[in-house]
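Just so you know, residue 1 is the first one in the sequence shown, and it goes up from there. All heavy atoms count here, side chains included; hydrogens, waters and symmetry mates do not.
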Amino acid sequence: MKNIFITLLLLLTISCKKEVEKETLDTTVDTTAVPKAVVKEEPKIKVENFKKSYLGTIGNGIEVVFTLSNTDGVIAGSYFYKKVGVDIPLLGSIEGDEVILYELDSQKNKVATIASKLVGNKIIGTWKSMEAQEELKVVLTETDKYVAELPKNITGTYNNASGTACSFKLIISKKENNYFYTITTAERTLKGKVSFNRDIDYKDVYINFNGIKWAAYNGAINEEGEPVNKNLKIPVGVDGLLNENEISIQNYGNAMNNYTKFRDCDDKYILLKK
């Protein structure tokens with residue numbers, strides 16, 4: 001009798017334990033059944049592809065010209081200072097109205113940043129040097145004017161191609177992002193730095209040989225063959241029309257504008273070709 005009682009008690013205990021386990025399982029939350037919170041990402045504003053030119057200033061009114069191309073949010077292009085005319089490469093990105101540009105050196109290293117925004121037809125921002133931490137304001141305005149491109153291959157040796165007795169040889173070299181000239185005539189050798197005048201209103205590009213003093217400058221001449229103004233200063237710096245593999249220098253003028261740039265050469269036009 002005692003054994004029967006003990007057996008019944010054990011069966012009752014096991015039954016109660018199973019009920020408790022069942023209730024515990026029934027009340028457990030199935031986390032897989034609860035939907036996860038959806039985080040909505042702000043849609044990125046896509047800017048249409050473009051190629052545009054901008055005129056403006058950096059810092060205290062220094063005139064610059066930018067040419068930028070957008071391809072699926074990637075910006076590539078260049079800018080130049082109007083007084084120098086040498087392209088400085090740019091690379092960056094655009095998203096919505098935010099424009100980030102990196103100025104690159106000749107080794108394609110980043111040397112400065114331009115953090116800016118599109119405001120209507122303007123780009124307004126800040127140029128910042130990575131080395132000196134100098135900051136300059138940038139204000140650019142879109143233009144439909146033609147921006148003349150530099151010839152692709154400027155460096156090399158140019159010789160007089162006029163077929164005259166004028167002995168004139170020009171060597172243009174490049175170091176970093178700067179161009180230099182060496183001019184050799186029968187009488188002398190001249191060396192200096194090159195800049196470019198890239199006329200915004202026309203397609204012409206002029207190369208400037210900085211530091212060369214003209215041989216003479218008389219300006220307008222009267223009927224007696226004398227200069228109308230005898231106090232004119234002699235200009236410094238000779239320019240020439242630049243085309244691919246060719247440079248043309250007007251060496252002297254006429255009675256309306258009497259001048260001589262190189263006494264070393266009697267040609268009115270010094271035509272130089274590679």
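Counted by atom type alone, E103 and W127 present one or more donor-acceptor pairs between their side chains at under 3.5 Å. Neither side chain, K169 nor T184, offers a donor N or O lying under 3.5 Å from an acceptor on the other. Counted by atom type alone, T71 and N49 present zero donor-acceptor pairs between their side chains at under 3.5 Å. With 3.5 Å as the limit, one finds no donor-acceptor pair spanning the side chains of D266 and T164.
Within a 6.0 Å sphere centred on CD of E131, heavy atoms belonging to other residues, nucleotides or ligands number 12 at most. Enclosure of atom CG in N60 is not indicated, since only 12 or fewer non-hydrogen atoms of other residues, nucleotides or ligands lie within 6.0 angstrom. When the shell of 6.0 Å around CD of E149 is examined, it contains 12 or fewer heavy atoms from other residues, nucleotides or ligands.
What you find for V138 and T126 is that their closest heavy atoms are CG2-C, 4.2 Å. For the residue pair S69 and K51, the shortest heavy atom distance occurs at OG-CG, 3.3 Å. Shown here for K274 and N153, the closest heavy-atom pair between the two residues is NZ-O, 3.0 Å. Across all their heavy atoms, V86 and L150 have their closest contact at CA-CD1, 4.4 Å. Annotation for N210 and S195: closest pair ND2-OG, 3.3 Å, computed over non-hydrogen atoms. Nearest heavy-atom pair, L104 versus I88, reported as atom, atom and distance to 0.1 Å: O-CG2, 4.2 Å.
Considering only heavy atoms from C-beta on, D87 stays 4.5 Å or farther from N177 through its side chain. T143 places none of its side-chain heavy atoms less than 4.5 Å from the side chain of Y54. Here the side chains of T141 and N121 are in contact, with some heavy-atom distance below 4.5 Å. Side-chain atoms of I58 and Y81, non-hydrogen and from C-beta on, do get closer than 4.5 Å to each other.
Separating the NZ atom in K268 from the SG atom in C166 is a distance of 15.5 Å, to the nearest 0.5 Å. Note that CD1 of I75 and CG of L101 are 6.5 Å apart. Values are rounded to the nearest 0.5 Å. Note that the OG1 atom of T57 and the CG atom of L136 stand 10.0 Å from one another [nearest 0.5 Å].
A salt bridge does not link D199 with K82: none of the charged nitrogens is closer than 4.0 Å to a carboxylate oxygen.
Annotation: ring pair (Phe, Tyr, Trp, His ring centres under 6.0 Å) contacts of Y269 (sequence neighbours excluded): none.
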Worksheet item: So L68 and L90, side-chain contact (heavy atoms from CB on, under 4.5 Å) or not? Walk me through it.
Response: CA-CA 8 Å; L68 302 174; L90 296 169; 3.9 Å; yes

Fill in: Stepwise side-chain contact (heavy atoms from CB on, under 4.5 Å) check, L241 with D204
CA-CA 7 Å; L241 182 62; D204 294 334; 4.0 Å; yes

Item to complete: List the steps, then state whether side-chain contact (heavy atoms from CB on, under 4.5 Å) holds for T260 with W214.
Response: CA-CA 6 Å; T260 302; W214 292 18; over 6 Å; no

Worksheet item: Given F180 and I172, is the side-chain contact (heavy atoms from CB on, under 4.5 Å) satisfied, shown in steps?
Response: CA-CA 6 Å; F180 301 89; I172 298 178; over 6 Å; no

Would you mind writing out the side-chain donor-acceptor pairs for residues 106-118 within the sub-3.5 Å range, not counting sequence neighbours?
unit_1, atom_1, unit_2, atom_2, d
S106, OG, E176, OE1, 2.9
N109, ND2, D105, OD2, 3.4
S116, OG, V99, O, 3.1

Please list every donor-acceptor pair under 3.5 Å in which a side-chain atom of residues 247-255 meets a protein atom from a residue at least two apart or in another chain.
unit_1, atom_1, unit_2, atom_2, d
Q250, NE2, Y252, O, 3.4
Q250, NE2, Y259, OH, 3.3
N251, OD1, F262, N, 2.8
N251, ND2, F262, O, 3.1
N251, ND2, C265, O, 2.9
N251, ND2, D267, O, 3.2
N254, OD1, M256, N, 3.0
N254, OD1, N257, N, 3.1

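Screening N208, I207, I154 for a side chain to side chain contact (heavy atoms under 4.5 Å, CB included) involving Y179 leaves a single residue, I154.
At distances below 3.5 Å, at least one donor-acceptor pair connects side-chain atoms of T185 with backbone N or O atoms of R188. Side-chain atoms of R198 come within 3.5 Å of backbone N or O of A148 as a donor-acceptor pair. A donor-acceptor pair under 3.5 Å is formed between the side chain of N70 and the backbone N or O of G73.
Applying the disulfide bond (SG atoms under 2.5 Å apart) definition to pairs two or more places apart or across chains, none involves residues 187-260. Counting only residues at least two apart or on different chains, the salt bridge (Lys or Arg N to Asp or Glu O under 4.0 Å) pairs with a member in residues 52-76 are K52-E142.
Taking the six-membered ring for Trp, F66 and Y79 have ring centres closer than 6.0 Å.
Connectivity analysis of hydrophobic side chains (ILVMFWY, heavy atoms under 4.5 Å, direct or indirect) links V65 to L55, F80, V147, I200.
Cation-pi geometry between K191 and Y181 is not met: the NZ or CZ atom fails to fall both under 6.0 Å from the ring centre and inside 45° of the normal.
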